[in-house]
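Here is the structure we will look at, set down as C-alpha coordinates.
The sequence lines fix the lettering, A, B, ..., with proteins before strands; numbering per chain opens at 1. Since this is a predicted model, take the numbers as computed values, not measurements. Scope of the values below: all heavy atoms of this structure, side chains included, with no hydrogens, waters or symmetry mates.
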2 protein chains.
Amino acid sequence: MNDKERRSMPLFSIGIVMKLTELTARQIRYYEEHGLVFPERTKGNQRLFSFNDVDRLLEIKDLLDKGLNLAGIKLMVEESSKKEKEKNVKSKDNDLSLKELRKILRNELKHPDRLGQVNLRQGELSRFFSNR
Amino acid sequence: MNDKERRSMPLFSIGIVMKLTELTARQIRYYEEHGLVFPERTKGNQRLFSFNDVDRLLEIKDLLDKGLNLAGIKLMVEESSKKEKEKNVKSKDNDLSLKELRKILRNELKHPDRLGQVNLRQGELSRFFSNR
DNA sequence: ATCGAATGTTAGGTTTCCTTACATGAAGTT
DNA sequence: AACTTCATGTAAGGAAACCTAACATTCGAT
(Lines give C-alpha, C1' and ligand atoms only; values in the text may rest on other atoms or scores of the structure.)
Protein backbone atom coordinates (compact mmCIF):
# COMPACT_ATOMS: atom_id res chain seq x y z
CA MET A 1 0.00 0.00 0.00
CA ASN A 2 1.49 3.29 -1.03
CA ASP A 3 0.83 6.83 -0.05
CA LYS A 4 -1.62 7.34 -2.85
CA GLU A 5 -3.75 4.41 -1.82
CA ARG A 6 -3.57 5.42 1.77
CA ARG A 7 -4.88 8.83 1.08
CA SER A 8 -7.76 7.66 -1.02
CA MET A 9 -8.84 4.99 1.40
CA PRO A 10 -12.42 5.33 2.67
CA LEU A 11 -12.08 5.70 6.41
CA PHE A 12 -14.21 8.37 7.97
CA SER A 13 -17.89 8.57 8.72
CA ILE A 14 -19.66 11.81 8.05
CA GLY A 15 -19.80 12.52 11.76
CA ILE A 16 -16.04 12.55 12.03
CA VAL A 17 -15.68 14.60 8.90
CA MET A 18 -18.03 17.14 10.37
CA LYS A 19 -15.71 17.57 13.31
CA LEU A 20 -12.59 17.60 11.19
CA THR A 21 -13.90 20.21 8.81
CA GLU A 22 -16.45 22.02 10.95
CA LEU A 23 -18.95 21.68 8.16
CA THR A 24 -22.49 20.51 8.73
CA ALA A 25 -23.76 17.22 7.34
CA ARG A 26 -26.08 19.22 5.16
CA GLN A 27 -23.22 21.12 3.64
CA ILE A 28 -21.15 18.07 3.00
CA ARG A 29 -24.01 16.27 1.32
CA TYR A 30 -24.84 19.33 -0.69
CA TYR A 31 -21.31 19.56 -1.98
CA GLU A 32 -21.41 15.94 -2.95
CA GLU A 33 -24.71 16.49 -4.67
CA HIS A 34 -23.03 19.14 -6.76
CA GLY A 35 -20.04 17.08 -7.71
CA LEU A 36 -17.43 18.58 -5.43
CA VAL A 37 -16.61 15.42 -3.48
CA PHE A 38 -17.18 11.75 -4.12
CA PRO A 39 -17.09 9.78 -0.91
CA GLU A 40 -17.37 6.03 -1.07
CA ARG A 41 -20.27 4.18 0.47
CA THR A 42 -20.60 1.28 2.82
CA LYS A 43 -22.70 -1.69 1.87
CA GLY A 44 -25.46 -0.01 3.81
CA ASN A 45 -25.08 3.14 1.74
CA GLN A 46 -23.42 5.30 4.36
CA ARG A 47 -20.74 7.71 3.25
CA LEU A 48 -17.09 6.95 3.89
CA PHE A 49 -14.56 9.72 3.35
CA SER A 50 -10.87 9.49 2.63
CA PHE A 51 -8.11 11.86 3.63
CA ASN A 52 -8.32 13.29 0.17
CA ASP A 53 -12.00 13.92 0.59
CA VAL A 54 -11.37 15.74 3.85
CA ASP A 55 -8.67 17.74 2.20
CA ARG A 56 -10.98 18.71 -0.53
CA LEU A 57 -13.69 19.73 1.88
CA LEU A 58 -11.25 21.90 3.74
CA GLU A 59 -10.28 23.49 0.49
CA ILE A 60 -13.91 24.08 -0.36
CA LYS A 61 -14.51 25.64 3.00
CA ASP A 62 -11.56 27.89 2.47
CA LEU A 63 -12.84 29.10 -0.85
CA LEU A 64 -16.32 29.60 0.53
CA ASP A 65 -14.91 31.80 3.23
CA LYS A 66 -13.27 33.80 0.52
CA GLY A 67 -16.59 34.42 -1.13
CA LEU A 68 -16.52 32.02 -4.05
CA ASN A 69 -19.71 30.28 -5.04
CA LEU A 70 -19.97 26.56 -5.63
CA ALA A 71 -19.61 26.86 -9.37
CA GLY A 72 -16.35 28.69 -8.99
CA ILE A 73 -15.18 26.35 -6.31
CA LYS A 74 -15.92 23.39 -8.50
CA LEU A 75 -13.64 24.77 -11.15
CA MET A 76 -10.96 25.48 -8.60
CA VAL A 77 -10.91 22.09 -6.98
CA GLU A 78 -11.02 20.35 -10.32
CA GLU A 79 -8.11 22.47 -11.34
CA SER A 80 -6.06 21.74 -8.26
CA SER A 81 -6.81 18.05 -8.63
CA LYS A 82 -5.46 18.11 -12.14
CA LYS A 83 -2.31 19.74 -10.96
CA GLU A 84 -1.85 17.09 -8.37
CA LYS A 85 -2.25 14.45 -10.98
CA GLU A 86 0.40 16.00 -13.14
CA LYS A 87 2.73 16.24 -10.22
CA ASN A 88 2.11 12.58 -9.61
CA VAL A 89 3.01 11.64 -13.11
CA LYS A 90 6.25 13.49 -12.93
CA SER A 91 7.21 12.45 -9.43
CA LYS A 92 9.01 9.20 -8.88
CA ASP A 93 7.46 6.26 -7.18
CA ASN A 94 6.95 7.04 -3.54
CA ASP A 95 8.23 3.86 -1.99
CA LEU A 96 11.46 5.60 -1.30
CA SER A 97 9.67 8.47 0.37
CA LEU A 98 7.90 5.89 2.43
CA LYS A 99 11.15 4.72 3.87
CA GLU A 100 12.07 8.22 4.83
CA LEU A 101 8.64 8.69 6.25
CA ARG A 102 9.02 5.74 8.53
CA LYS A 103 12.32 7.02 9.71
CA ILE A 104 10.77 10.34 10.52
CA LEU A 105 7.82 8.85 12.26
CA ARG A 106 9.84 7.41 15.10
CA ASN A 107 8.10 8.96 18.03
CA GLU A 108 5.19 7.80 19.99
CA LEU A 109 2.88 8.53 22.83
CA LYS A 110 0.64 6.50 24.92
CA HIS A 111 -2.45 7.87 26.52
CA PRO A 112 -4.56 10.04 24.28
CA ASP A 113 -4.85 13.27 26.21
CA ARG A 114 -8.58 12.91 26.38
CA LEU A 115 -8.96 15.24 23.52
CA GLY A 116 -12.39 13.96 22.73
CA GLN A 117 -13.54 16.53 20.25
CA VAL A 118 -10.69 18.06 18.43
CA ASN A 119 -11.86 20.74 16.12
CA LEU A 120 -9.27 20.64 13.46
CA ARG A 121 -7.88 24.05 12.90
CA GLN A 122 -8.48 25.19 9.38
CA GLY A 123 -6.20 23.46 6.95
CA GLU A 124 -4.09 21.60 9.42
CA LEU A 125 -4.98 18.13 8.34
CA SER A 126 -4.97 19.35 4.83
CA ARG A 127 -1.49 20.67 4.98
CA PHE A 128 -0.28 17.48 6.50
CA PHE A 129 -1.93 14.89 4.35
CA SER A 130 -2.29 16.84 1.20
CA ASN A 131 -0.26 19.09 -0.97
CA ARG A 132 -1.55 22.35 -2.15
CA MET B 1 -1.50 19.90 16.00
CA ASN B 2 1.57 17.73 16.08
CA ASP B 3 2.19 14.18 15.08
CA LYS B 4 1.47 12.89 18.52
CA GLU B 5 -1.93 14.47 18.68
CA ARG B 6 -2.72 13.34 15.22
CA ARG B 7 -2.02 9.77 16.04
CA SER B 8 -4.09 9.75 19.19
CA MET B 9 -7.04 11.45 17.61
CA PRO B 10 -10.29 9.48 17.80
CA LEU B 11 -11.29 8.98 14.19
CA PHE B 12 -12.46 5.51 13.31
CA SER B 13 -15.66 3.65 13.98
CA ILE B 14 -15.42 0.03 14.93
CA GLY B 15 -16.64 -0.98 11.51
CA ILE B 16 -13.66 0.63 9.85
CA VAL B 17 -11.28 -0.79 12.39
CA MET B 18 -12.65 -4.22 11.67
CA LYS B 19 -11.69 -3.82 8.04
CA LEU B 20 -8.33 -2.29 8.82
CA THR B 21 -7.35 -5.00 11.24
CA GLU B 22 -9.44 -7.92 10.05
CA LEU B 23 -10.57 -8.49 13.60
CA THR B 24 -14.20 -9.04 14.53
CA ALA B 25 -16.12 -6.56 16.64
CA ARG B 26 -16.29 -9.19 19.33
CA GLN B 27 -12.56 -9.51 19.43
CA ILE B 28 -11.95 -5.79 19.54
CA ARG B 29 -14.42 -5.30 22.36
CA TYR B 30 -13.02 -8.23 24.22
CA TYR B 31 -9.54 -6.79 24.05
CA GLU B 32 -10.82 -3.51 25.35
CA GLU B 33 -12.62 -5.32 28.14
CA HIS B 34 -9.29 -6.78 29.14
CA GLY B 35 -7.39 -3.52 29.10
CA LEU B 36 -5.50 -3.92 25.86
CA VAL B 37 -6.93 -0.90 24.08
CA PHE B 38 -8.76 2.19 25.24
CA PRO B 39 -10.77 3.74 22.45
CA GLU B 40 -12.57 6.98 23.07
CA ARG B 41 -16.33 7.22 22.93
CA THR B 42 -18.74 9.48 21.15
CA LYS B 43 -21.41 11.30 23.09
CA GLY B 44 -23.65 8.42 22.19
CA ASN B 45 -21.18 5.94 23.64
CA GLN B 46 -19.90 4.53 20.40
CA ARG B 47 -16.26 3.64 20.18
CA LEU B 48 -13.85 5.85 18.28
CA PHE B 49 -10.38 4.54 17.56
CA SER B 50 -7.21 6.43 16.83
CA PHE B 51 -4.31 5.43 14.63
CA ASN B 52 -2.54 4.38 17.75
CA ASP B 53 -5.40 2.15 18.71
CA VAL B 54 -5.35 0.53 15.29
CA ASP B 55 -1.62 0.06 15.60
CA ARG B 56 -2.06 -1.60 18.89
CA LEU B 57 -4.74 -3.90 17.60
CA LEU B 58 -2.51 -4.92 14.74
CA GLU B 59 0.22 -5.65 17.21
CA ILE B 60 -2.17 -7.70 19.30
CA LYS B 61 -3.25 -9.63 16.27
CA ASP B 62 0.33 -10.30 15.44
CA LEU B 63 1.08 -11.67 18.85
CA LEU B 64 -2.07 -13.76 18.85
CA ASP B 65 -0.99 -15.34 15.62
CA LYS B 66 2.26 -16.19 17.29
CA GLY B 67 0.44 -18.09 19.99
CA LEU B 68 0.55 -15.68 22.90
CA ASN B 69 -2.42 -15.45 25.18
CA LEU B 70 -4.03 -12.20 26.20
CA ALA B 71 -2.18 -11.98 29.48
CA GLY B 72 1.13 -12.20 27.72
CA ILE B 73 0.05 -9.82 25.05
CA LYS B 74 -1.00 -7.33 27.63
CA LEU B 75 2.47 -7.32 29.07
CA MET B 76 4.00 -6.99 25.64
CA VAL B 77 1.93 -4.08 24.48
CA GLU B 78 2.36 -2.28 27.76
CA GLU B 79 6.05 -2.81 27.38
CA SER B 80 6.22 -1.53 23.86
CA SER B 81 4.14 1.47 24.83
CA LYS B 82 6.60 2.33 27.53
CA LYS B 83 9.42 2.12 25.09
CA GLU B 84 7.63 4.48 22.78
CA LYS B 85 7.18 6.90 25.58
CA GLU B 86 10.85 6.84 26.41
CA LYS B 87 11.73 7.39 22.81
CA ASN B 88 9.42 10.34 22.82
CA VAL B 89 11.09 11.89 25.78
CA LYS B 90 14.44 11.63 24.17
CA SER B 91 13.40 12.71 20.71
CA LYS B 92 13.21 16.37 19.89
CA ASP B 93 9.99 18.13 19.25
CA ASN B 94 8.56 16.93 15.99
CA ASP B 95 7.55 20.20 14.42
CA LEU B 96 10.74 20.04 12.43
CA SER B 97 9.94 16.55 11.28
CA LEU B 98 6.59 17.86 10.24
CA LYS B 99 8.17 20.20 7.81
CA GLU B 100 10.12 17.38 6.28
CA LEU B 101 6.98 15.35 6.20
CA ARG B 102 5.13 17.95 4.21
CA LYS B 103 7.95 18.16 1.80
CA ILE B 104 7.84 14.47 1.32
CA LEU B 105 4.11 14.35 0.93
CA ARG B 106 4.11 16.24 -2.33
CA ASN B 107 2.31 13.80 -4.50
CA GLU B 108 -1.31 13.40 -5.12
CA LEU B 109 -3.95 11.40 -6.84
CA LYS B 110 -7.44 12.07 -7.77
CA HIS B 111 -9.98 9.42 -8.20
CA PRO B 112 -10.01 6.77 -5.53
CA ASP B 113 -9.63 3.60 -7.51
CA ARG B 114 -12.91 2.34 -6.20
CA LEU B 115 -11.11 0.26 -3.72
CA GLY B 116 -14.14 -0.07 -1.54
CA GLN B 117 -12.99 -2.63 0.93
CA VAL B 118 -9.29 -2.54 1.40
CA ASN B 119 -8.19 -5.22 3.72
CA LEU B 120 -5.12 -3.72 5.19
CA ARG B 121 -2.23 -6.05 4.88
CA GLN B 122 -0.92 -7.03 8.25
CA GLY B 123 1.10 -4.26 9.77
CA GLU B 124 1.08 -1.90 6.86
CA LEU B 125 -0.80 0.88 8.51
CA SER B 126 1.12 0.17 11.59
CA ARG B 127 4.46 0.56 9.98
CA PHE B 128 3.40 3.80 8.45
CA PHE B 129 1.77 5.55 11.30
CA SER B 130 3.60 3.95 14.16
CA ASN B 131 7.09 3.05 15.12
CA ARG B 132 7.99 -0.31 16.39
C1' DA C 1 -40.28 42.13 -4.83
C1' DT C 2 -38.61 38.10 -6.67
C1' DC C 3 -35.25 34.63 -7.53
C1' DG C 4 -31.72 31.47 -6.85
C1' DA C 5 -27.96 29.64 -4.09
C1' DA C 6 -26.64 27.75 0.18
C1' DT C 7 -28.01 26.03 4.39
C1' DG C 8 -31.34 24.79 8.20
C1' DT C 9 -34.79 21.70 9.87
C1' DT C 10 -37.85 17.93 10.25
C1' DA C 11 -39.69 13.37 9.45
C1' DG C 12 -39.58 8.51 8.64
C1' DG C 13 -36.75 4.76 7.65
C1' DT C 14 -32.31 2.02 7.62
C1' DT C 15 -27.76 0.86 9.18
C1' DT C 16 -24.44 0.54 12.54
C1' DC C 17 -23.22 0.13 17.07
C1' DC C 18 -24.13 -0.82 21.99
C1' DT C 19 -24.50 -4.16 26.10
C1' DT C 20 -25.80 -8.44 27.99
C1' DA C 21 -26.26 -13.11 27.99
C1' DC C 22 -25.65 -17.58 26.56
C1' DA C 23 -23.25 -21.00 23.38
C1' DT C 24 -19.11 -23.22 21.49
C1' DG C 25 -14.46 -24.99 20.41
C1' DA C 26 -9.93 -25.85 21.78
C1' DA C 27 -6.50 -26.77 25.47
C1' DG C 28 -5.17 -27.85 29.60
C1' DT C 29 -6.43 -30.24 34.38
C1' DT C 30 -7.92 -33.36 37.34
C1' DA D 1 -13.83 -38.73 30.41
C1' DA D 2 -15.51 -34.77 32.79
C1' DC D 3 -14.35 -30.10 34.11
C1' DT D 4 -12.29 -25.40 33.44
C1' DT D 5 -10.83 -21.63 31.26
C1' DC D 6 -9.85 -18.76 27.47
C1' DA D 7 -11.09 -16.68 23.24
C1' DT D 8 -14.63 -16.13 20.21
C1' DG D 9 -19.35 -16.73 18.09
C1' DT D 10 -24.09 -15.52 18.14
C1' DA D 11 -28.52 -13.57 19.25
C1' DA D 12 -31.71 -10.14 21.23
C1' DG D 13 -33.31 -5.63 22.24
C1' DG D 14 -32.33 -0.96 22.20
C1' DA D 15 -29.90 3.40 21.06
C1' DA D 16 -27.04 6.20 18.04
C1' DA D 17 -25.78 7.68 13.66
C1' DC D 18 -26.82 7.96 9.12
C1' DC D 19 -29.84 8.07 4.98
C1' DT D 20 -33.13 10.56 1.57
C1' DA D 21 -36.74 13.65 0.64
C1' DA D 22 -39.21 17.61 1.40
C1' DC D 23 -40.10 22.06 2.93
C1' DA D 24 -38.36 26.41 5.28
C1' DT D 25 -35.15 30.23 5.77
C1' DT D 26 -31.58 33.54 4.75
C1' DC D 27 -29.28 36.55 1.82
C1' DG D 28 -27.32 38.62 -2.10
C1' DA D 29 -28.30 39.80 -6.85
C1' DT D 30 -31.46 41.16 -10.32
Is there a side-chain contact between B:S13 and the phosphate of D:dA17, meaning an N or O under 4.0 Å from OP1 or OP2?
no
Please list, in numerical order, the residues of residues 28-37 of chain A that have a heavy atom closer than 4.0 Å to any atom of DNA chain C.
A:Y30, A:Y31
Identify, with sequence neighbours excluded, every residue that meets side-chain contact (heavy atoms from CB on, under 4.5 Å) alongside B:L68.
B:L63, B:I73, B:M76
Between B:K19 and A:E40 (salt bridge meaning N to carboxylate O under 4.0 Å), is one present in this structure?
no
Holding to side-chain hydrogen bond (donor to acceptor under 3.5 Å, both in side chains), I want the full list of residues that pass it with A:N69, two or more places apart in sequence or in another chain.
none
What protein N or O atoms touch nucleotides 3-5 of chain D N or O atoms at under 3.5 angstrom, if any, and at what distances?
none

With under 30° as parallel and over 60° as perpendicular, where do the rings of A:F51 and B:F51 fit, or are they tilted in between?
parallel
State whether A:R41 places a side-chain N or O below 4.0 Å from either non-bridging phosphate oxygen (OP1 or OP2) of D:dT20.
yes
Measure CD/A:Q46 against P/D:dA16 and give the value in whole Å, please.
16 Å
Readout for nucleotides 23-30 of chain D: B = base within 4.0 Å of protein heavy atom, S = sugar-phosphate only, - = neither; 5' to 3' it is --------
Assign each of A:G44 and B:L64 to its nearest nucleotide of DNA chain D by heavy atoms, then name whichever residue's nucleotide is nearer the 5' end.
B:L64
Estimate the overall bend of the helix from C:dA1-D:dT30 to C:dT30-D:dA1 from the end axes over five pairs each, rounded to 10 degrees.
10°
What is the distance from CZ of A:R47 to P of D:dC18, rounded to the nearest Å?
11 Å
Output the distance between atom CZ (B:R56) and atom CD (B:E78), rounded to the nearest 0.5 Å.
7.0 Å
Quick one: do A:D62 and A:K66 satisfy salt bridge (Lys or Arg N to Asp or Glu O under 4.0 Å)? Show the steps, please.
CA-CA 6 Å; A:D62 225 59; A:K66 290 177 183 165; 3.4 Å; yes
Basic-acidic side-chain contact under 4.0 Å: A:K87, A:E84
yes
Hey, which sits more toward the 5' end of DNA chain C by its nearest nucleotide, B:G15 or A:Q27?
A:Q27
Can you give me the first and the last nucleotide of DNA chain C (5' to 3') that has an atom within less than 4.0 angstrom of a non-hydrogen atom in chain A?
C:dA5 to C:dT16
How many whole angstroms separate atom CG of B:D65 from atom P of D:dT8?
10 Å
Excluding sequence neighbours, so at least two apart, what forms side-chain contact (heavy atoms from CB on, under 4.5 Å) with B:Q27?
B:L23, B:T24, B:Y31
